[in-house]
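Residue numbers begin at 1 in each chain, while the letters A, B, ... track the order of the sequences. Heavy-atom basis, side chains included; hydrogens, waters and symmetry copies ignored.
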Number of protein chains: 2
Amino acid sequence: MEGYDSSQYEKLSLAVDLLVFTIEDDRLKLLMVERSEDPFAKMSALPGVFVGIKETLDEAAERGIEEETGLKDIYFEQLYTFGEVDRDPRMRIVSVAYMALVPIEKMNYHAGERTLSARLVDVEDLLSSDTKVAFDHKRIIAYARQRLANKVEYTGIAFHLVEEEFTLPKLQKVYEILLGKPLYKANFRKKIAPLIEETDFITSGEAHRPSRFYRLKKTEE
Amino acid sequence: MEGYDSSQYEKLSLAVDLLVFTIEDDRLKLLMVERSEDPFAKMSALPGVFVGIKETLDEAAERGIEEETGLKDIYFEQLYTFGEVDRDPRMRIVSVAYMALVPIEKMNYHAGERTLSARLVDVEDLLSSDTKVAFDHKRIIAYARQRLANKVEYTGIAFHLVEEEFTLPKLQKVYEILLGKPLYKANFRKKIAPLIEETDFITSGEAHRPSRFYRLKKTEE
DNA sequence: ATCAGAAAGTAGCAAAAAGATACTAACTAA
DNA sequence: TTAGTTAGTATCTTTTTGCTACTTTCTGAT
């Protein structure tokens with residue numbers, strides 16, 4: 001392909017759509033914006049940016065995340081590239097979706113330049129209702145939701161949704177939310193024990209036994 | 001993003017690079033072409049096509065696969081999108097990599113219009129040697145190799161590398177090649193037993209006990 | 001015909017992981 | 001001091017995996 005004379009092919013616009021997930025009030029939430037302009041004015045959409053001609057995809061994703069949340073250095077990964085011809089009614093735009101995870105304590109966001117507002121949307125509610133979402137963004141969200149559920153089983157992705165020091169009940173809750181089912185406390189602890197290490201801190205002030213804070217062990221993955 | 005006036009952003013070329021894998025002589029092989037033009041003339045590269053302005057990514061991938069192999073209806077999936085700025089020395093080209101799997105018995109290929117030849121390359125040999133490959137294609141191949149190894153463990157992706165009716169020794173070999181390690185026969189059979197069903201056919205003519213042909217059960221996944 | 005070789009296929013145990021239950025521990029608030 | 005509530009642990013059962021050793025069924029050479 002790259003030997004082709006590419007000028008015979010029309011170029012197209014490439015965007016990055018961002019799925020910034022967090023967990024708030026024991027629910028999986030996603031950062032969405034309210035569009036100020038047509039098409040889909042006043043509807044919910046994923047935040048996103050166009051990819052600059054001198055910018056890698058990862059750089060565009062980082063830039064977009066920072067514009068929406070002010071955050072740098074949060075975990076993100078490329079999700080999938082959506083390239084239906086008519087996904088944008090105005091013109092051909094191919095979108096590379098990126099997924100980012102951030103603990104709610106660090107979460108921050110604000111309306112962008114061309115959006116009315118930004119807010120956290122309950123993902124399960126959104127997906128199980130027939131709420132309309134701009135473009136093909138609902139499908140993208142469903143795809144990401146699925147990937148999250150898969151990855152929590154065989155990677156440490158859930159750790160990105162808690163702070164660096166976390167209690168096991170809190171971490172377990174994150175696993176349960178992503179998996180969509182309750183876990184046995186004892187088994188959960190057996191499973192993640194080799195990945196974590198104790199800290200000297202415990203919770204206090206709650207009307208029950210305090211829980212210890214742990215952190216992720218550096219040495220394994 | 002999609003509310004932006006996109007005209008302020010330069011458009012770019014989008015290509016699909018194809019990784020057509022098969023198994024030949026008990027080795028994982030990949031279809032590669034020899035480039036006829038600069039840059040990287042005479043070097044090995046992945047086959048690929050540019051994405052047309054009225055064409056989805058999947059359609060472009062299907063078209064590319066058919067151009068290279070004459071095959072329709074083979075299994076393929078989107079792998080990852082590579083968007084480094086300088087991955088093509090001439091101009092900015094973002095590439096969506098697609099991975100296709102085909103049993104060697106169906107495999108077919110020929111040099112394209114702008115390539116000198118097409119051939120099957122031993123993947124492990126290529127990756128463990130310091131053979132130069134055009135563009136960032138070696139990295140893409142390494143990424144795909146990894147993904148194949150992962151997916152064989154938790155999906156039925158290996159079935160796409162054997163014909164519809166297959167013997168268990170043959171299927172096991174495919175698993176072993178993708179995983180890069182030997183498996184115990186008895187365990188392997190226990191594991192895939194629920195996924196397959198017997199046929200009435202067995203091999204013949206070999207100097208040992210014949211083996212039965214099976215097929216994938218339709219009902220599960 | 002019989003037997004050696006070779007790969008297909010099966011039986012069955014041991015070890016490890018996952019599933020599940022029931023308990024004990026430590027805090028606050030009344 | 002006690003009731004309520006959640007943290008944390010001990011222990012058993014079940015399932016899966018890891019492994020070995022066996023039996024089966026073919027060809028090809030005595």
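Partner of B:Ser117 under the side-chain hydrogen bond (donor to acceptor under 3.5 Å, both in side chains) criterion, out of B:Arg35, B:His110, B:Glu34: B:Glu34 alone. Among B:Val94, B:Val96, B:Ile93, B:Asp136, the one residue that satisfies the side chain to side chain contact (heavy atoms under 4.5 Å, CB included) test with B:Phe82 is B:Asp136.
Rounded to an integer number of Å, the gap from A:Arg209 CZ to D:dT6 P is 14 Å. Rounded to a whole Å, the NZ atom of B:Lys173 is 15 Å from the C1' atom of C:dA8. Between the NZ atom of B:Lys170 and the P atom of C:dA7 there is a distance of 15 Å, given to the nearest Å. The CZ-P distance, from B:Phe213 to C:dG9, rounds to 10 Å in whole Å. Counting to the nearest Å, the C1' atom of C:dA25 and the CD1 atom of A:Ile202 are 12 Å from each other. At whole-Å resolution of the value, NZ in A:Lys191 and C1' in D:dG8 are 19 Å apart. Following rounding to the nearest Å, B:Glu206 (CD) and D:dT27 (C1') show an atom-to-atom distance of 10 Å. Look at OH on B:Tyr175: it is 16 Å from C1' on D:dT17, rounded to the nearest Å.
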Using atom names, set out every protein N or O paired with an N or O of nucleotides 19-21 of chain C below 3.5 Å, distance rounded to 0.1 Å.
unit_1 : atom_1 : unit_2   : atom_2 : d
C:dG19 : N7     : A:Asn187 : OD1    : 3.1
C:dG19 : N7     : A:Asn187 : ND2    : 3.2
C:dG19 : O6     : A:Lys190 : NZ     : 3.2
C:dA20 : OP2    : A:Tyr184 : OH     : 3.4
C:dA20 : O5'    : A:Tyr184 : OH     : 3.2
C:dA20 : N7     : A:Asn187 : OD1    : 3.3
C:dA20 : N7     : A:Asn187 : ND2    : 3.0
C:dA20 : N6     : A:Asn187 : OD1    : 3.1

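No hydrogens or angles considered: nothing links the side chains of B:Thr203 and B:Arg212 as a donor-acceptor pair under 3.5 Å. With 3.5 Å as the limit, one finds no donor-acceptor pair spanning the side chains of A:Ser36 and A:Thr115. Between the side chains of A:Tyr154 and B:Asn150, no donor-acceptor pair of N or O atoms lies under 3.5 Å.
Of all heavy-atom pairs spanning A:Lys138 and A:Thr131, the tightest one is NZ-O, 2.8 Å.
Of the candidate nucleotides C:dC27, C:dG9, D:dC26, C:dC27 has the atom nearest to the side chain of A:Pro210.
Heavy atoms from other residues, nucleotides or ligands lying under 6.0 Å from CD of A:Glu164 number 12 at most.
Positionally, the nearest nucleotide of DNA chain D for A:Arg189 lies more toward the 5' end than for the other of A:Arg189 and B:Ala207. Residue-to-nucleotide proximity on DNA chain D shows that, of A:His208 and B:Ser204, the 5′-proximal contact is made by A:His208.
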